[in-house]
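Shown next, in structure tokens, is the structure this report addresses.
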Amino acid sequence: MSFLVEDKVAVVTGGSSGIGLETVKLLLQQGAKVAWCGRDETRLQASWQKLASQFAPEDMMVHGCDVLNKESVQGFADSVMARFGQVDMLINNAGQGKVSTFAETTDQEWMDEVQLKYFSVIHPVKAFLDALKQSQHAAIVNVNSLLALKPEAHMIATSAARAALLNLTKSLAQNFAQEGIRVNSILIGMVESGQWRRRFEQRSDLSLDWDAWVAKIAAERGIPLGRLGKPEEAARALVFLASPLSSYTTGSTVDVSGGFSKHI
Ligand code: NDP
């Protein structure tokens with residue numbers, strides 16, 4: 001199946017691991033040119049090496065960048081334009097969740113979480129906006145979480161900040177509709193990724209291997225499809241929303257939670 005993104009240029013923030021990396025890979029498979037960023041240079045270069053053996057290096061670009069640093073994001077945007085001369089798709093994926101209850105969360109942690117969820121989108125949107133305005137198929141897709149609609153007490157700050165991001169995504173969709181830029185998001189449940197690998201390393205029951213550990217989480221949480229999602233499953237939804245296949249969809253969400261969402 002073709003996503004109709006051949007020769008289009010995509011930017012993926014946080015493309016060096018997990019969902020972002022699978023999104024970069026799928027876009028390259030589909031013939032797009034892709035620029036991606038991350039903070040850790042070693043991980044970024046490793047992602048480049050991994051993909052350079054499968055895809056044309058001239059279609060790929062990596063750039064060290066913290067999405068919370070406005071100047072750094074602008075530098076990334078300038079480099080992408082210098083290299084590819086256009087941007088059609090911006091996928092705001094960089095970030096992570098924070099596990100903490102109300103009692104545990106300090107004021108600074110609240111501020112950090114709000115800053116991450118807002119500015120990991122605001123800085124890239126501002127930096128790539130002029131380029132997106134020039135595209136005939138411009139799309140922004142934000143990686144969001146089901147927590148936006150279904151808050152969890154053990155991730156209270158992330159849940160609240162995710163709800164704000166959902167609201168912001170809707171506003172951006174309204175704001176840019178007349179300029180032909182679509183803005184959508186995916187709402188993820190639990191997807192196997194670097195974040196979950198790190199939590200696995202800190203698990204209390206060391207007798208469980210990875211498969212047993214994720215199966216236990218899926219069973220305990222009651223995920224109807226009986227397992228965690230794979231990063232490539234989130235990537236397919238992201239690329240659909242970024243692609244011309246979803247040309248009449250803006251301000252919308254795609255649920256990638258294995259049926260975990262109970263609301264209508
Ligand atoms: P990973 O940890 O595997 O990947 C996160 C990526 O984002 C890495 O490439 C990381 O690279 C990059 N990143 C993190 N912070 C920044 C930053 N400030 N600037 C630039 N790059 C950054 O996790 P996931 O694939 O799971 O995460 C992708 C997105 O999905 C995140 O926004 C996460 O919150 C969201 N999500 C994931 C869920 C899940 O179950 N997996 C559930 C709900 C939401 P580096 O650290 O080198 O910067």
Side-chain angles (χ1 to χ4, degrees), residues 11-26 34-48 50-51 62-77 90-99 112-124 127 141-152 154-155 157-166 169 185-201 213-214 217-218 221 223 227-235 237-238 253-258 260-261:
V11 170
V12 180
T13 67
S16 59
S17 170
I19 295 163
L21 181 57
E22 287 301 323
T23 305
V24 170
K25 189 173 163 190
L26 179 56
V34 190
W36 68 99
C37 75
R39 295 164 302 179
D40 186 288
E41 200 59 45
T42 307
R43 192 160 35 216
L44 201 55
Q45 292 305 327
S47 65
W48 162 273
K50 184 176 175 187
L51 295 174
V62 288
H63 189 98
C65 165
D66 182 341
V67 289
L68 297 184
N69 180 322
K70 189 171 183 169
E71 289 71 35
S72 170
V73 178
Q74 189 58 54
F76 179 35
L90 169 63
I91 298 179
N92 291 312
N93 163 76
Q96 60 189 15
K98 174 148 198 67
V99 177
D112 290 347
E113 201 53 12
V114 167
Q115 189 192 20
L116 177 63
K117 268 49 183 192
Y118 276 40
F119 286 96
S120 62
V121 170
I122 292 170
H123 288 331
V141 192
N142 297 329
V143 174
N144 204 340
S145 163
L146 193 57
L147 293 171
L149 297 174
K150 185 177 180 295
E152 299 270 1
H154 72 286
M155 294 186 77
T158 296
S159 298
R162 286 299 191 190
L165 175 58
L166 187 60
T169 304
S185 56
I186 65 167
L187 299 183
I188 334 181
M190 282 157 267
V191 173
E192 294 176 16
S193 68
Q195 289 196 80
W196 284 97
R197 286 277 170 191
R198 288 191 290 277
R199 288 173 197 165
F200 171 69
E201 298 304 330
W213 185 74
V214 290
I217 291 170
R221 299 284 179 91
I223 298 173
R227 61 178 177 83
L228 270 61
K230 305 283 182 197
E232 54 270 30
E233 293 174 314
L238 283 171
T253 58
V254 169
D255 179 311
V256 189
S257 72
F260 195 43
S261 134

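Atoms within a ligand are numbered from 1 in the order they appear, just like the ligands themselves. Numbering starts at 1 and runs along the sequence shown. Predicted, not measured: the structure shown is a model, and the values here were computed from it.
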Within-shell test, [X] vs ligand 1, heavy atom, strictly < 4.0 Å:
{"X": "Ala234", "answer": "no"}
{"X": "Glu192", "answer": "no"}
{"X": "Pro231", "answer": "no"}

Flag, side chain of [X] to backbone of [Y], donor-acceptor distance under 3.5 Å:
{"X": "Thr253", "Y": "Ser185", "result": "no"}
{"X": "Ser72", "Y": "Asp66", "result": "yes"}
{"X": "Gln195", "Y": "Gly97", "result": "yes"}

Which bit of [X] is near ligand 1, meaning a heavy atom under 4.0 Å away: side chain, backbone, both or neither?
{"X": "Asp66", "result": "both"}
{"X": "Gln195", "result": "both"}
{"X": "Glu41", "result": "neither"}

Nearest 0.5 Å please: distance from the [atom1] atom of [X] over to the [atom2] atom of [Y].
{"X": "Lys117", "Y": "Asp112", "atom1": "NZ", "atom2": "CG", "result": "10.5 Å"}
{"X": "Asn142", "Y": "Leu165", "atom1": "CG", "atom2": "CG", "result": "5.5 Å"}
{"X": "Leu149", "Y": "Ser261", "atom1": "CG", "atom2": "OG", "result": "7.5 Å"}
{"X": "Arg162", "Y": "Asn144", "atom1": "CZ", "atom2": "CG", "result": "5.0 Å"}
{"X": "Cys65", "Y": "Glu41", "atom1": "SG", "atom2": "CD", "result": "11.0 Å"}

For [atom], which of [options] has the closest heavy atom?
{"atom": "atom 40 (O) of ligand 1", "options": "Trp36, Trp196, Phe76", "value": "Trp196"}
{"atom": "atom 43 (C) of ligand 1", "options": "Cys65, Ser257, Ser145", "value": "Ser145"}
{"atom": "atom 24 (P) of ligand 1", "options": "Ser193, Ala235, Ser47, Pro124", "value": "Ser193"}
{"atom": "atom 5 (C) of ligand 1", "options": "Ala94, Gly20, Gly64, Gly95", "value": "Gly95"}

- For the pair Lys98 and Glu113, find out whether any cationic side-chain nitrogen is under 4.0 Å from an anionic carboxylate oxygen.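 Result for this pair is no, no salt bridge flagged.
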
Write out the residue and atom name of the closest protein heavy atom to [atom], then the distance separating them to 0.1 Å.
{"atom": "atom 9 (O) of ligand 1", "answer": "Ser16 OG, 2.7 Å"}
{"atom": "atom 34 (O) of ligand 1", "answer": "Arg162 NH2, 2.8 Å"}
{"atom": "atom 30 (O) of ligand 1", "answer": "Val143 CG1, 3.3 Å"}
{"atom": "atom 3 (O) of ligand 1", "answer": "Ser17 OG, 2.6 Å"}
{"atom": "atom 28 (C) of ligand 1", "answer": "Asn93 OD1, 3.0 Å"}
{"atom": "atom 2 (O) of ligand 1", "answer": "Arg198 NH2, 3.1 Å"}

- Message: Checking side-chain polar atoms at under 3.5 Å, does Thr13 have a donor or acceptor matched by the opposite partner on Trp36?
- Response: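 Per modelled atom types, Thr13 and Trp36 side chains form no pair under 3.5 Å.
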
- Message: If we check side-chain contact (heavy atoms from CB on, under 4.5 Å) with Leu238, which of these qualifies: Asn92, Val256, Val12, Ile19?
- Response: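 Of the listed options, the one satisfying the test is Ile19.
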
Does an N or O from [X], backbone or side chain, lie closer than 3.5 Å to an N or O of ligand 1?
{"X": "Leu116", "result": "no"}
{"X": "Ile19", "result": "yes"}
{"X": "Met190", "result": "no"}

